[in-house]
Asker: 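Once you've had a glance at the structure underneath, I'll fire off some questions.
Because the structure is predicted, anything quoted here is derived from the model rather than measured. Keep in mind that the numbers below use all heavy atoms, side chains included, and drop hydrogens, waters and symmetry copies.
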Amino acid sequence: MQLINTELSDNPEELKAIILSQDEQISTRDEHITILEEQIRVLKKAIFGRKSEKRTVEEPGAQQLHMFNEAEVLVEQEGQKKLLIPEHTRQKPKRKPLPPDLPRVEVIEDIDESEKVCACGATRSLIGEETCEKLDIVPAKIRVIRIIRLKYACKSCEGVETEGPTVKIAPPPPQIIPKGIATPGLVAHIAVSKYADGLPLYRQEKIFSRMGIELNRSTMAGWMVMAAETCNPLMDLLYKELLVGALINVDETPLQVLNEPGRANTTKSYMWVFRGGPPDKPAILFRYSQTRSGEVPREVLAGYRGYCQTDAFSGYDALETADSGIVLVGCFAHVRRNFLKIVDARGKAAKPGSPEVALDYIGRLYKIEKFSRQRGLLPDEIVCLRKEQAVPVLEEFKAWMDKRFSQTPPKGLLGQALNYAITQWPKLIRYVENGHITPDNNAAENAIRPFVIGRKNWLFSGHPNGAHASATLYSLIQTAKACGLEPYQYLRFLFSKIPSARTEEDYRALMAQNLTSEIISRFMSDE
């Protein structure tokens, strides 16, 4: 930094230039320090803070936004229209009744025989009963299914008069694991434990060992690959189902896969998720790929025409072209996340300011969505509601961001958050056009979350075959859940029936979209 010395120059213009240069250096230094301090607070929050994005009462700005006469907030919010939502009174939560289909075991508690005699000498009469239900659990039981195949032979001619085999034996039933010891129920249990509950195979190996059963993790891994390969025809139908509908949500997350040909074990691969199909019976498709290139979604969505909701990753931009028929929609959850990061970075002592204003705008948009869900509005009614109430809020929000962006250092967290929202704005506001679209891409993020949670436990896939198998089984389980089916029961049903499937109609009958809980329950009770 240049030091000011008035004795060195008698020229006022030169002295003024030196002073301005010094002020600019100080301003740049202070701005740089502020940005570094923000980054430190963000890193501390990421390591030590809570992961929830919900704004609580204790957080600065959640309630304080309207409590303090902060000049900036009052000026920015002056004239804003408030969304009128009918108030409701919260009721004290009640214990939910236990499912009626669970088996009941009655335990009768009676008084002592001596207490059945009244003080007057008469015998007390039974006048009623008081009932309560307790939930019990019986640990998993392992059993052995003995398949006895009867043999027949002719003792009269001993097969001399018969062409072909002289002994007739019942054919073995089709199995999901041919010539293996695993039943459909065992394979379904292992798959759900890993891909729905995030329980790695090495932990399942220890659990089975405590039960007295030696099941090697490599054996179980082989079963998962075989089961997934058997379900490949079903995956082809699921892919076709994905492209039916007006909206597809897409997301991706890193995955480490070992033993990939021509690649180091530390090379990053990706698991993609696509959620589409009819809104009431959605299809969720996972796809393993070695790359995050935009070629992956372009390949999967080839021939699709409709809305595609994603985050701001540049790889998705090539989906929307003049002749592609795909319209990209942005994600307000990512916009909100950027402003919430600023609140966390400033700490609890900071006064409410611009981030809270942005969060308030976004909160008003989500109140409109909550209102439409509570009323059970149809898609066309949702569009009308959004045009009437959400569009004015969006216009105010955009005007506020444009004004703040011109006054904000671009490298700071606020500048980055504003730049993200303004750059994505044309995609962000497209959700108002269709009642099936939500303001965010949470549908895809929720679909991929079980994979992300499971990855924290098993860390990597040991082979590309395992990664492809994981994609298949995640697809089946998450689709079943989205269609209202219990994952274990569905996989047990599927693995029992699919070895006998031959035609496309047979496979279609096994899709989660074409099944109900009642059909599967009847199958389970008949086993």
Side-chain angles (χ1 to χ4, degrees), residues 39 42-43 46-47 51 190-191 193-205 216-229 231-232 235 238-239 242 248-275 284-302 308 310-319 328 331 334 337 420 441 444-478:
Q39 293 175 350
V42 170
L43 290 173
I47 297 173
K51 300 300 186 290
I190 295 172
S193 296
K194 178 175 181 179
Y195 300 109
D197 302 330
L199 195 61
L201 295 181
Y202 77 88
R203 293 185 187 172
Q204 296 191 52
E205 180 182 3
N216 190 281
R217 72 189 74 172
S218 61
T219 300
M220 290 187 282
W223 291 347
M224 296 299 99
V225 173
M226 294 177 66
E229 290 177 349
C231 295
N232 280 339
M235 295 300 295
L238 187 65
Y239 171 69
L242 173 76
I248 293 181
N249 299 87
V250 188
D251 199 8
E252 83 291 332
T253 189
L255 167 67
Q256 185 179 357
V257 181
L258 308 183
N259 299 314
E260 289 180 312
R263 307 182 84 202
N265 286 340
T266 56
T267 305
K268 187 180 296 184
S269 297
Y270 288 87
M271 185 68 78
W272 296 73
V273 65
F274 302 83
R275 188 185 192 276
I284 299 177
L285 182 71
F286 283 74
R287 177 68 62 90
Y288 153 67
S289 175
Q290 294 183 354
T291 177
R292 199 188 182 193
S293 167
E295 289 295 331
V296 178
R298 279 199 296 270
E299 176 188 346
V300 174
L301 302 183
C308 182
T310 70
D311 56 27
F313 171 51
S314 59
Y316 296 117
D317 292 341
L319 289 174
L328 290 178
C331 176
H334 284 75
R337 205 167 291 160
Y420 180 96
N441 195 34
E445 292 190 4
N446 291 337
I448 207 170
R449 184 171 290 113
F451 171 83
V452 176
I453 294 174
R455 183 185 59 196
K456 294 180 180 179
N457 292 323
W458 42 259
L459 301 179
F460 55 82
S461 290
H463 194 275
N465 291 342
H468 285 296
S470 296
T472 296
L473 294 170
Y474 272 114
S475 300
L476 295 173
I477 289 174
Q478 293 305 314

Asker: Between the main-chain N or O of L199 and the side-chain N or O of D197, is there a donor-acceptor pair closer than 3.5 Å?
Answerer: no
Asker: Give me the atom names and distance for the closest heavy-atom approach of F451 to P254.
Answerer: CE2-O, 4.1 Å
Asker: Name all residues meeting the side-chain contact (heavy atoms from CB on, under 4.5 Å) criterion together with R263; count only those two or more places apart in sequence or in a different chain, and write none if there are none.
Answerer: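 Only E260, T267, S269, Q290 meet the side-chain contact (heavy atoms from CB on, under 4.5 Å) criterion with R263.
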Asker: Heavy-atom distance under 4.5 Å between the side chains of Q478 and R275, does that happen here?
Answerer: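 Q478 does not reach R275 side chain to side chain.
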Asker: State, yes or no, whether a side-chain contact exists between I248 and L242 at a heavy-atom distance under 4.5 Å.
Answerer: yes
Asker: I need the C331 SG to Y420 OH distance, nearest 0.5 Å.
Answerer: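 Separation between the atoms: 6.0 Å.
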Asker: Taking N265 for the side chain and N259 for the main chain, is one N or O donor matched with an acceptor at less than 3.5 Å?
Answerer: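 Flag set: sc N265 to bb N259 pair under 3.5 Å.
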Asker: Write down the atom of Y270, the atom of R292, and the distance for their closest heavy-atom approach.
Answerer: CE1-CB, 3.5 Å
Asker: Taking ring-ring contact (aromatic ring centres under 6.0 Å, His included) as the test, write out the residues that go with F274, two or more places apart.
Answerer: none
Asker: Answer whether the closest heavy-atom distance between the side chains of T310 and D251 falls below 4.5 Å.
Answerer: no
Asker: What residues, two or more places apart in sequence or in another chain, satisfy ring-ring contact (aromatic ring centres under 6.0 Å, His included) together with H468?
Answerer: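 ring-ring contact (aromatic ring centres under 6.0 Å, His included) list for H468, sorted by chain: Y288.
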Asker: Could you tell me if the side chain of Y316 sits less than 4.5 Å from the side chain of C308, heavy atoms only?
Answerer: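 No. Closest side-chain heavy atoms not under 4.5 Å.
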Asker: Mark yes or no for whether S461, through its side chain, and H463, through its backbone, hold a donor-acceptor pair below 3.5 Å.
Answerer: no
Asker: Could I get the full list of side-chain contact (heavy atoms from CB on, under 4.5 Å) partners for M224, not counting sequence neighbours?
Answerer: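 M224 satisfies side-chain contact (heavy atoms from CB on, under 4.5 Å) with V187, I190, A191, Y195, L473 once adjacent residues are dropped.
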Asker: Please give me the minimum heavy-atom distance between P200 and N457, naming the atom from each residue.
Answerer: CG-CB, 3.6 Å
Asker: Hey, which of N441, V273, N446, I284 is the one that makes side chain to side chain contact (heavy atoms under 4.5 Å, CB included) with N249?
Answerer: N441
Asker: Please round to the nearest 0.5 Å and tell me the distance separating atom CD1 of I448 and atom CH2 of W272.
Answerer: 9.5 Å
Asker: So, the side chain of D311 versus the backbone of H334: is there a donor-acceptor pair under 3.5 Å, distance only?
Answerer: no
Asker: Which pairs count as salt bridge (charged side-chain N to carboxylate O under 4.0 Å, His left out) when at least one residue sits in residues 444-462, sequence neighbours excluded?
Answerer: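 Sorted pair list: R337-E445.
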Asker: Between L201 and K194, is there a side-chain heavy-atom distance shorter than 4.5 Å?
Answerer: yes
Asker: What is the minimum heavy-atom distance between Y239 and L285, and which atoms define it?
Answerer: CD1-CD2, 3.8 Å
Asker: Please name the pair of heavy atoms, one in M271 and one in A471, separated by the smallest distance, quoted to 0.1 Å.
Answerer: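 Answer, listing the atom of M271 first, then A471: SD-CB, 3.9 Å.
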Asker: E205: which residues meet the side-chain contact (heavy atoms from CB on, under 4.5 Å) condition with it, sequence neighbours left out?
Answerer: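 E205: side-chain contact (heavy atoms from CB on, under 4.5 Å) contacts with N216, R217, M220.
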Asker: Report yes if some heavy atom in the side chain of P464 is under 4.5 Å from a heavy atom in the side chain of P261; otherwise report no.
Answerer: yes
